[in-house]
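These notes concern the structure reproduced below.
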Protein chains: 2
Amino acid sequence: MATGRNHRPATSRSRGIPDATVARLPLYLRALTALSERSVPTVSSEELASAAGVNSAKLRKDFSYLGSYGTRGVGYDVEYLVYQISRELGLTQDWPVVIVGIGNLGAALANYGGFASRGFRVAALIDADPAMAGKPVAGIAVQHSDELERVIEENGVSIGVIATPAASAQPVADRLVAAGVTSILNFAPTVLSVPEGVDVRKVDLSIELQILAFHEQRKSGELPDDGRAVPGTDIGEDAGGGVTGSPVAPPAASVTKRTASAAPAATDRRGDEPGNDGDLPAVMPA
Amino acid sequence: MATGRNHRPATSRSRGIPDATVARLPLYLRALTALSERSVPTVSSEELASAAGVNSAKLRKDFSYLGSYGTRGVGYDVEYLVYQISRELGLTQDWPVVIVGIGNLGAALANYGGFASRGFRVAALIDADPAMAGKPVAGIAVQHSDELERVIEENGVSIGVIATPAASAQPVADRLVAAGVTSILNFAPTVLSVPEGVDVRKVDLSIELQILAFHEQRKSGELPDDGRAVPGTDIGEDAGGGVTGSPVAPPAASVTKRTASAAPAATDRRGDEPGNDGDLPAVMPA
DNA sequence: CTATCTTTGTGCACGCGTTCACAAAGACAT
DNA sequence: ATGTCTTTGTGAACGCGTGCACAAAGATAG
């Protein structure tokens with residue numbers, strides 16, 4: 001998963017569709033599209049729910065926000081539902097998208113086929129590196145950052161994708177917004193601050209992995225002891241660690257007055273320059 | 001956001017840390033790491049919260065689940081908190097990870113630096129294409145799928161990343177699980193079914209973009225009319241559609257008996273082979 | 001030692017989301 | 001036309017997450 005929403009004061013749902021439901025509509029749409037391709041005429045809420053990996057009651061309630069599109073005793077008409085959900089999501093219109101930061105990730109995104117098939121169209125690829133300019137990626141010539149504003153205006157772009165290093169993300173976001181973009185998908189590991197009315201969604205692999213690690217640790221049963229409860233046996237693992245040697249050593253629990261010089265964290269980082277840690281998007285451009 | 005959680009019966013939090021809190025810990029950790037590198041000794045909940053992009057009350061409540069690590073009137077000791085959160089997330093130990101599917105995305109992931117600096121280590125890159133075998137990606141030689149089980153066993157891998165096309169995702173997941181993997185990060189646009197006790201997290205760019213499109217549509221105020229209210233003027237847009245011509249035509253609302261031959265969806269898909277629509281991960285491998 | 005000031009930790013209330021369970025609606029058979 | 005059977009749509013209860021607001025805790029000055 002990408003990671004949660006961002007900003008936007010909870011009272012966001014314009015007409016009444018809950019955010020949680022909106023987030024599931026693409027899931028339903030995907031499942032329905034698959035059924036459509038297999039020429040299945042109708043599905044029950046039960047079948048569709050299991051295909052989408054959700055609870056059938058939840059699915060029915062979700063659909064109830066869109067209207068009564070089902071037929072009792074039969075189920076839902078696949079084609080009709082595909083259309084209704086597409087329309088509700090705004091996928092029946094063309095969405096020109098600009099991708100900023102054509103590194104490894106940006107290139108991967110540009111190549112993504114699911115883009116076009118869902119109403120999205122890559123209007124331009126932008127990179128700050130002059131050496132990239134003109135290079136074709138996914139059949140589209142990369143343009144220099146200078147062209148950003150012009151491209152946005154000419155194509156009426158309202159959705160931008162940021163795949164730059166963290167340091168560039170905020171400036172890029174500012175320029176996108178200034179040029180008229182009102183929705184941003186951010187792959188850089190930074191908190192973007194944007195004016196009211198601009199939507200930001202964040203995707204961060206690093207966070208997803210850390211969440212997995214948390215649950216993994218719990219499963220192995222061996223959650224490290226409380227850190228303060230057993231002051232004598234704490235460091236055991238960390239001290240000897242070679243490759244396993246972990247980034248952080250346990251500082252003293254007592255707080256008052258401890259200057260940075262005493263900070264053990266400075267000794268970690270196996271070879272990365274400090275400051276470069278989260279500097280690149282989860283999926284890093286070259 | 002990558003997309004929500006998956007499976008796992010809500011009563012998951014082992015000792016008492018809410019899932020929502022766990023999902024935010026990496027955010028705090030990133031902000032704290034940045035402070036640590038700037039040698040800032042302490043932060044208030046207010047400062048840290050704004051750096052992480054959350055509410056300060058929420059942050060304090062989150063930390064309260066970990067214990068009382070703050071000092072009233074002063075704030076939190078940065079180094080100590082970095083350690084505590086790292087430990088809680090399980091980042092003080094080494095997590096060997098295997099990446100399956102070395103396309104565009106898989107390669108981008110392998111290159112990601114934030115991996116290693118957080119306790120994750122790429123143990124192996126696996127691809128089904130024999131031509132890939134031996135090729136170095138990010139300094140690691142790609143291995144053929146046949147090696148999957150051996151690699152997992154030898155390295156004690158418990159976390160797997162799937163970056164294959166959708167069709168391969170489930171078989172790969174099955175093999176991962178059978179070999180001992182208990183946490184999976186899935187980039188393929190499919191619902192994976194896994195046995196109890198295996199965690200799956202999903203990242204799907206396509207879904208994120210669709211959610212953005214929804215809000216974007218709402219902002220433009222022009223939400224298309226109700227779709228059933230105007231039965232006469234329905235097809236208008238779709239029939240003539242060129243590039244903008246949308247994937248779905250509005251089928252009749254009446255349900256009963258409509259065979260697949262009448263299904264308009266077969267006429268869409270601008271050039272994609274049917275079935276290839278969501279076939280690749282959000283960020284597609286070559 | 002006392003007073004003041006800052007900041008944490010948390011009790012409480014509210015709202016959103018999920019789930020259950022069932023009545024209503026329609027299909028289908030007789 | 002009537003009855004049965006399937007499946008939807010939703011009212012209601014519950015639980016989690018969020019945010020407010022404040023008391024308790026400690027630092028700091030006098």
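Quantities reported herein were computed from a predicted structural model and do not represent experimental measurements.
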Handout entry: Rounded interatomic separation in angstrom, taking CG from A/D62 and P from C/dC16
Key = 16 Å
Exercise for the section: Sugar-phosphate atoms are those with a prime plus P, OP1 and OP2; base atoms are the rest. Using that split, label each nucleotide of nucleotides 6-12 of chain C B, S or - for protein heavy atoms under 4.0 Å, 5' to 3'. Expected result: BBBBBBB
Exercise for the section: Write down the distance between NZ (A/K58) and C1' (D/dT10), rounded to a whole number of angstrom. Expected result: 17 Å
Exercise for the section: Not counting sequence neighbours, which residues clear salt bridge (charged side-chain N to carboxylate O under 4.0 Å, His left out) with A/R60? List them please. Expected result: none
Handout entry: Listed partners of B/Y28 passing ring-ring contact (aromatic ring centres under 6.0 Å, His included), at least two apart
Key = B/F63
Problem - Distance-only donor-acceptor check, side chains B/T21 and B/D62, under 3.5 Å - result: yes
Exercise for the section: Give a yes or no answer on whether the side chain of B/E46 reaches the backbone of B/S56 with a donor-acceptor pair at less than 3.5 Å. Expected result: no
Handout entry: Side-chain H-bond candidate by donor/acceptor type, A/T33 with A/E37, under 3.5 Å
Key = no
